[in-house]
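Every chain is numbered from 1, with letters handed out A, B, ... down the list of sequences. All values reported here derive from a predicted model rather than from experimental measurement.
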Protein chains: 2
Amino acid sequence: MAKEQAAPRKRSEGAGASPARRASDRGHYGRLSRERVLASALQLVDREGLSALSMRRLGAELGVEAMALYRYAASKDALLDGLVEALYLELEEQLAAGPEPGTTAVDARARASAWRAELHRIARATHEVCLAHPQVMPLLSTRMLAVPLARRPLAVLRHHERVLALLQGAGLDETRSVAVFRAFTGWVLGYVSVELQAMVDNPEESDPAFRLGLHRMPPQELPRLRETAATLAEQGGPGDLAAGLDALLDRFVRVEEEREPRQNRTGPDKPPTRDAQD
Amino acid sequence: MAKEQAAPRKRSEGAGASPARRASDRGHYGRLSRERVLASALQLVDREGLSALSMRRLGAELGVEAMALYRYAASKDALLDGLVEALYLELEEQLAAGPEPGTTAVDARARASAWRAELHRIARATHEVCLAHPQVMPLLSTRMLAVPLARRPLAVLRHHERVLALLQGAGLDETRSVAVFRAFTGWVLGYVSVELQAMVDNPEESDPAFRLGLHRMPPQELPRLRETAATLAEQGGPGDLAAGLDALLDRFVRVEEEREPRQNRTGPDKPPTRDAQD
DNA sequence: GGATGTACGTATACAGCGTAAATATACGGC
DNA sequence: GCCGTATATTTACGCTGTATACGTACATCC
């Protein structure tokens, strides 16, 4: 963001947006900004997919030569990281929008697991943001594998911090909060990935079986998959995301009590789950 | 993809293993094969990363011009799908290797949840295979989002079939088996992704904090993340993977499992889903 | 005013990419 | 020997990311 009022300065600090002048007024100076570049890139990717994003194409989209973009993103990879950042900013915004006041009196139990409700809120918002930008989703997994923690966009790090603070604020020690952090991150990421998996083979087709392209799958080798494909193609929605999250939290938060003896138990002992909300 | 064996020769040649000819015997004829191409590609990616994989480079690796590869992979994307396929073949192989005989008498309970143990086995093997080829991991998420179900490599579809058969063989109806399938797939994928996230910023550095590049993170804005980063950089290992899987299975499947497990009944619909809040 | 320094965008160029098309080569069977 | 065909090469085209050099519009100071 540019600063509002430009104090007279002698050097550098390129002519911030002093209120009287708008970017569109200028000849061809100051047309760009990091926000404009990233917004345009996001829009382009949403519209035409990741493979449509090239420096030249994005430049054209902004009425500018490709090289001009390098002033706002050091490389194409940095631009991609910018897209990831944009998603996390959107997530932040959405989380800030509805903090679920819950001003009414709450009993101790509900207050105690307010952090659990907050995790659910984050998971759900993440789900929504990702579904809103399905084409960007591949970047979320890909860039996380490529960019070391310390070099990730600030918005991403803030998000990590937020989750960690939630867990440690709930009294989890470092070891356990890390375990829960990983379980949370992994589950949300994995669930959304599966939710967005490509299923439709031929969108033109009306017949469900042909739409899915089932005729391409050898019938005797993949009987159940063929039968189940239609159901598989539906989305699980936020309900199963929440259910799984509950299950994971129950397990990973309570591990402390029982400590180690867990391997392949299938015992009928049920976790005292649902305490967070409703 | 497409043409696998385009050799419906009528004349001999199909005479089983004609031992006389080996690929290495020939001048420059028959040097290649799909297996050799994929194996070399996998090796190249393992060694130098995905970005090192180009048609020309891979050709050079095999002592061949780039265009020669197009006989064995219809496009670069098809080659990438071939890499995914290679991973799943490795997974299949590993699963076939140790089927955990368990021929000794087992009580009913153990038999009833044999499918659960099998899911754990699959999860663990997946974990191992992915950790063995970390550079290929991005493809697993990426190609799944890009390639519709029906066009995925056969080995991938066989894997899906295997999991589905396991679930439906355990008596889960279609709706529930799909829910469990998605939870399983998502959890394993997400867990492994998080496990492989890049953490080390500067491998040369000996001091842990510098290795992680913590000096790049604003201290007052990200206090917990900085404190926790070292622990976060460790891997969770297969233990937490199994624990989370157990938790998810308990949640998504328990209703069925408590009744007679072998029979295909449609359980009382208590959906495993529940809404988080609102 | 004009000169100057700097931020911003352009122009040009290069190596590498994926791949379509035409061409050369080496083999199996006659 | 020849022929048909599976295989690999050659050539070429449009595209990519980006290094470098250059022009240009502005803010500031004399």
From CA spacing to verdict: side-chain hydrogen bond (donor to acceptor under 3.5 Å, both in side chains), B/Arg182, A/Gln235: CA-CA 10 Å; B/Arg182 277 199 283 246; A/Gln235 290 194 344; over 6 Å; no
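Nucleotide C/dC17 holds its P atom 14 Å from the CE atom of B/Met67, rounded to whole Å. The interatomic distance linking B/Leu62 (CG) with D/dT7 (P) rounds to 15 Å, in whole Å. The nearest whole Å value for the distance from the CG atom in A/Leu58 to the C1' atom in D/dT16 is 14 Å. Summarising the geometry, the separation between CG on B/Leu32 and P on C/dA26 is reported as 15 Å, rounded to the nearest angstrom. Look at CG on B/Leu69: it is 12 Å from C1' on D/dT9, rounded to the nearest Å. Atoms CZ (A/Arg34) and P (C/dA7) sit 18 Å apart, rounded to a whole Å. Rounded to an integer number of Å, the gap from CG of A/Leu79 to P of D/dG17 is 9 Å. Here D/dG14 presents its C1' atom at 16 Å from CZ of A/Arg57, a figure rounded to the nearest Å.
Nearest-nucleotide positions on DNA chain D place A/Leu53 closer to the 5' end than the other of A/Leu53 and A/Arg71.
For a distance-only test at 3.5 Å, the side chain of A/Arg31 fails to qualify as a donor-acceptor partner of the base of C/dG9. Between the base of D/dT18 and the side chain of A/Arg56 there is a donor-acceptor pair shorter than 3.5 Å.
In the model, A/Arg226 has no side-chain atom that pairs as donor or acceptor with a side-chain atom of A/Gln220 under 3.5 Å.
For A/Glu65, the side-chain atoms get nearest to C/dA11 when compared with the rest of C/dA11, D/dT18, C/dT19. Side-chain proximity of B/Ala68 to the nucleotides C/dC17, C/dT10, D/dT9 is greatest for D/dT9.
Using a 4.0 Å cut-off between a side-chain N of Lys or Arg and a carboxylate O of Asp or Glu, A/Asp201 and A/Arg211 do not qualify as a salt bridge.
Under the 3.5 Å distance criterion, the side-chain polar atoms of B/Trp187 are left unmatched by any main-chain donor or acceptor of A/Gly186.
Within the structure, every side-chain polar atom (N or O) of B/Tyr70 is placed at least 4.0 Å from both OP1 and OP2 of C/dA21.
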